[in-house]
Amino acid sequence: MDFSFLDKYWIYFVKGTEWTIFLSVFTVLFGFIIGVVLALLRMSNIKVIKFIAVAYIEFMRGTPLLVQIYLIYYCLPFAGVTLPDYVAAILTLSLNSGAYIAEIFRAGIQNLDKGQMEAARSLGMPHRMAMRYIVLPQAFRNILPALGNELVVVIKESSIVSVIGITELMYQADTVRGIFARPFEPLIIAAIVYFIMTFTLSKLLGRWEGRLKRA
Amino acid sequence: MIRVRNLHKRFHKLNVLNGINIDIERGEVLVVIGPSGSGKSTFLRCLNLLETPSEGEIHFDGTLITSKQNDINVQRQQMGMVFQQFNLFPHLSVLHNITLAPRKLKKLSDAEANGIAFDLLRKVGLEDKAQSYPGQLSGGQKQRIAIARALAMSPKVMLFDEPTSALDPEMVGEVLEVMKNLAKGGMTMVVVTHEMGFAREVGTRVVFMDGGKIVEAGKPHELFANPQHPRTKEFLSKVL
């Protein structure tokens, strides 16, 4: 084992980690919004809307993320849409993650005791208001563990956008591997950094969840 | 105040209500009794359209609420409902449970809504619980808060769906006490219950349901002392 390359190249890993965090934060943010909207559409009474939402979710969950990122990065330009690399990356990751978050949300809403919705409706609240003040806040609390898990997944999955040249952690590790001509050590560093991020995050989320439960 | 005509409810192929006709007058305390599966809860839940009737008409205060053009949310604000399982909102404090609907639907200010809430909390004897969360309350306390929550909208009628059936026996009394006071205050009430004592003491009329139909109705002392229908006799002989 020889980690002497770190003296010279440690900055590569720092830059890469910054990018990974940047991608993950925005992916989860947009993915969350997409997920909530999709979940509500998925439960719509209008058949066409419901079908579109279901089709979207099934497609996103049933095809590889690698294919999706190629589709958006290489094929959108043919349709006249050229996106900056990092936008294409965040877009793909969010669209993908949104499908998973939608299913998490749907489960959270449907597992909620239906008496909650009934009590709200019996007071005269329209469906939308009951969702906003009664159902969604409780569903959100119930699905926090699953959402936290999704965030961890996103951090790891974001490594795939290295294939379109986003200089995130995996890409940087690969670069150092090329320069240094030894595969093992740079990858070990990348793995350790990924692990530190995901592990810290799950611990933090666990603590936050515990606080919410006591409230 | 409420007029029900030829009310039918089917769940898939199961007929739960088979043509209910009844008029509920202002100030009346109508107690609905009957065996499990007789359709009494379904009947109650049809009155505010928590269940959509398969057939028939329901009028509330002169409005045909079963009409497709009707916005039921308007009438629901005037029909309070209390559930067997309380259905308090666990993520909100007791105070917010009570004030949410008046603030959002009647656009009351926080101060106005809180004023109403504390009056009601005093009425149900729980003003010290305003800042508690439902999870910290006993069953009887939860149900009294649920009653206060429904009353906060100043409804014209209160619907009770087996309000004491999920309670430990020693907590039934406190909830019935609140309901008695409500009846004394002149509130129109429809109560589905197994509490025959309450029916006899507080009810102005008792309806016995079986097989999705009203078998017999009458003044409590008459119906309990001298039931006419064999099915009523059989039921009362088991529960009294």
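Here is how names work: the chains are called A, B, and so on, in the same order as the sequence lines, proteins then strands, and each is numbered from 1.
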When you compare the side chain of A:Leu123 with that of B:Leu100, does any pair of heavy atoms fall below 4.5 Å? no
Taking B:Leu88, B:Val82, B:Val74 one by one, which has the highest count of heavy-atom pairs under 4.5 Å against chain A? B:Leu88
Give a yes or no on this: more than 12 heavy atoms of other residues, nucleotides or ligands lie within 6.0 Å of atom NZ of B:Lys106. yes
Side chains of residues 68-84 of chain A: which donor-acceptor pairs under 3.5 Å do they make with residues two or more places apart or in other chains?
{"unit_1": "A:Gln68", "atom_1": "OE1", "unit_2": "A:Asn96", "atom_2": "ND2", "d": "2.8"}
{"unit_1": "A:Gln68", "atom_1": "NE2", "unit_2": "A:Met60", "atom_2": "O", "d": "3.0"}
{"unit_1": "A:Gln68", "atom_1": "NE2", "unit_2": "A:Thr63", "atom_2": "O", "d": "3.1"}
{"unit_1": "A:Gln68", "atom_1": "NE2", "unit_2": "A:Thr63", "atom_2": "OG1", "d": "2.8"}
{"unit_1": "A:Tyr73", "atom_1": "OH", "unit_2": "A:Asp85", "atom_2": "OD1", "d": "3.1"}

Mind listing the side-chain donor-acceptor pairs of residues 109-118 of chain B below 3.5 Å, one per line with the distance, residues two or more places apart or on another chain?
{"unit_1": "B:Ser109", "atom_1": "OG", "unit_2": "B:Glu112", "atom_2": "N", "d": "3.1"}
{"unit_1": "B:Ser109", "atom_1": "OG", "unit_2": "B:Glu112", "atom_2": "OE1", "d": "3.2"}
{"unit_1": "B:Glu112", "atom_1": "OE1", "unit_2": "B:Ser109", "atom_2": "N", "d": "2.8"}
{"unit_1": "B:Asn114", "atom_1": "ND2", "unit_2": "B:Asp110", "atom_2": "O", "d": "3.3"}

Taking atom CZ of A:Phe51 as the centre, does the number of heavy atoms from other residues, nucleotides or ligands within less than 6.0 Å exceed 12? no
For A:Pro126, which of B:Leu105, B:Ile72, B:Asp71 qualifies under side-chain contact (heavy atoms from CB on, under 4.5 Å)? B:Leu105
B:Leu92, part contacting chain A, at a heavy-atom distance under 4.5 Å: side chain
Check whether any side-chain N or O of B:His91 sits under 3.5 Å from a backbone N or O of A:Tyr133 as a donor-acceptor pair, and report yes or no. yes
Considering residues, nucleotides and ligands other than A:Tyr171, do more than 12 of their heavy atoms fall under 6.0 Å from its OH? no
Anything under 3.5 Å between a donor and an acceptor, one on a side chain of residues 139-153 of chain B, the other on a protein residue two or more places apart or in another chain? List them.
{"unit_1": "B:Gln141", "atom_1": "OE1", "unit_2": "B:Ser138", "atom_2": "N", "d": "3.0"}
{"unit_1": "B:Gln141", "atom_1": "OE1", "unit_2": "B:Ser138", "atom_2": "OG", "d": "3.4"}
{"unit_1": "B:Gln143", "atom_1": "NE2", "unit_2": "B:Phe83", "atom_2": "O", "d": "2.7"}
{"unit_1": "B:Gln143", "atom_1": "NE2", "unit_2": "B:Pro163", "atom_2": "O", "d": "2.9"}
{"unit_1": "B:Arg144", "atom_1": "NE", "unit_2": "B:Glu174", "atom_2": "OE2", "d": "3.1"}
{"unit_1": "B:Arg144", "atom_1": "NH1", "unit_2": "B:Val124", "atom_2": "O", "d": "2.8"}
{"unit_1": "B:Arg144", "atom_1": "NH2", "unit_2": "B:Glu174", "atom_2": "OE2", "d": "2.8"}
{"unit_1": "B:Arg149", "atom_1": "NH1", "unit_2": "B:Asn87", "atom_2": "O", "d": "3.0"}
{"unit_1": "B:Arg149", "atom_1": "NH2", "unit_2": "B:Phe86", "atom_2": "O", "d": "3.4"}
{"unit_1": "B:Arg149", "atom_1": "NH2", "unit_2": "B:Asn87", "atom_2": "O", "d": "3.0"}

Just wondering, more than 12 heavy atoms not from B:Asp128 lying within 6.0 Å of its CG? yes
Give a yes or no on whether A:Ile46 atom CD1 has more than 12 heavy-atom contacts from other residues, nucleotides or ligands under 6.0 Å away. no
State whether the number of non-hydrogen atoms from other residues, nucleotides or ligands found under 6.0 Å of B:Lys180 atom NZ is greater than 12. yes
Interface residues of residues 23-57 of chain B facing chain A - heavy atom cut-off under 4.5 Å: B:Arg45, B:Asn48, B:Leu50
Other residues, nucleotides, ligands: >12 heavy atoms within 6.0 Å of A:Arg61 CZ: yes
With a 4.5 Å limit on heavy-atom distance, are the side chains of A:Ser122 and B:Met79 in contact? no
Where do A:Ala119 and B:Phe89 come nearest, in terms of heavy atoms and distance? CB-CE2, 3.9 Å
Which atom pair, heavy atoms only, marks the closest approach of B:Arg76 to A:Gly124? CB-CA, 3.7 Å
Of A:Met129, A:His127, A:Arg121, which is the lone residue that meets side-chain contact (heavy atoms from CB on, under 4.5 Å) with B:Asn73? A:Arg121
